[in-house]
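Only one structure is covered here, and it is reproduced in the block below.
Starting from 1, each residue takes its place in the sequence as its number.
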Amino acid sequence: MTLVSGYIGKEVDMSVFRRFGVMAASSLLALGALAGLTLAPASAQVAKPAQVSQASVPLTDNLGCGAHTFCMADWFGAKFSYNYNTRSHDKWLFVGKVANDAARSLDNNRALVTGVALNYPAGNQWACVEGRVPDLFLKSWPDGLIAQNTISSFFLASRAVVCGTVW
């Protein structure tokens, strides 16, 4: 223990000052850490890693079709959604009993095309959808039949597909 004499005429225990200094310094450091401050200069801070790029598809488009999803709507406003992450890829799938022959509009909120077909299994009457088709009455199958209320199957492509008819 070191004693300091001459401090207002009394001897003082130096360890009291040392303990106070350690407590004060650790308190200040704790406050700085809680406030997000660091002792390192700004140039020594670590940069954040770059974000992984993904296909530029909105999480939900202006029609409410989710990202990576193919949607169909009927006359009554019912929407049928087929998400790429929950369906098989690169094979023809049945749209379902309720959606069969009910679509009046299509919305392909995917980076790649989605195939649609008149029948299930597809056969030779099919087309690729690249974006939004607001009115299927204005589209027709390769044989000339109007496409409104005729879709029975779809195909979620996982790579580029050669399409004869594109909507």
Give the table of side-chain donor-acceptor pairs shorter than 3.5 Å for residues 155-166, with sequence neighbours excluded, one pair per line with atom names and distance.
from, atom 1, to, atom 2, distance (Å)
S158, OG, D90, OD1, 3.2
S158, OG, D90, OD2, 2.4
R159, NH1, D90, OD1, 3.4
R159, NH1, D90, OD2, 2.9

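Nearest heavy atom pair, residue A122 against residue A117, reads CB-CB, 3.7 Å. Contact detail for D107 and C65: the closest heavy-atom pair is OD2-CB, 3.2 Å. Taking both residues in full, the closest heavy atoms of A102 and D74 are given as O-CB, 3.2 Å, listed atom of the first, atom of the second, then distance. Closest heavy-atom contact between V133 and L136: CG1-CD2, 3.8 Å. Pairing each heavy atom of S81 with each of K79, the nearest pair is OG-CE, 3.6 Å.
The OG1 atom of T114 lies 12.0 Å from the CZ atom of R87; values are rounded to the nearest 0.5 Å. Note: R132 CZ to W167 CH2 = 15.0 Å, rounded to the nearest 0.5 Å.
Contact of the W141 side chain with the T150 side chain is registered, since non-hydrogen atoms from C-beta on lie closer than 4.5 Å. Y84 has its side chain within reach of R110: a pair of non-hydrogen atoms, C-beta onward, lies under 4.5 Å apart. Side-chain atoms of Y82 and L93, non-hydrogen and from C-beta on, never get closer than 4.5 Å to each other. L106 has its side chain within reach of I151: a pair of non-hydrogen atoms, C-beta onward, lies under 4.5 Å apart. Within the 4.5 Å cutoff, the side chain of Q148 has heavy atoms near those of the W75 side chain. N109 has its side chain out of reach of H68: every pair of non-hydrogen atoms, C-beta onward, lies at least 4.5 Å apart.
F80 and L118 fall within the same hydrophobic cluster, where Ile, Leu, Val, Met, Phe, Trp and Tyr residues are linked whenever their side-chain heavy atoms come under 4.5 Å apart, directly or through other members. Following chains of ILVMFWY side-chain contacts shorter than 4.5 Å, one can reach V116 starting from V95, so the two form part of one hydrophobic cluster. Following chains of ILVMFWY side-chain contacts shorter than 4.5 Å, one can reach V98 starting from M72, so the two form part of one hydrophobic cluster.
Using modelled atom types, one side-chain atom of N108 and one backbone atom of L112 make a donor-acceptor pair closer than 3.5 Å. Under a 3.5 Å cut-off, the side chain of Q125 and the backbone N or O of D143 do form a donor-acceptor pair. The closest donor-acceptor contact from the side chain of N83 to the backbone of T69 lies at 3.5 Å or more, if one exists at all. Distance alone, capped at 3.5 Å, is enough to place a donor-acceptor pair between the S153 side chain and the N119 backbone.
A ring-ring contact (aromatic ring centres under 6.0 Å, His included) check over residues 95-126, counting only residues at least two apart or in different chains, returns the pairs W92-W126, F94-Y120.
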Could you please spell out the steps behind the side chain to side chain contact (heavy atoms under 4.5 Å, CB included) verdict for S140 and L145? CA-CA 5 Å; S140 60; L145 179 67; over 6 Å; no
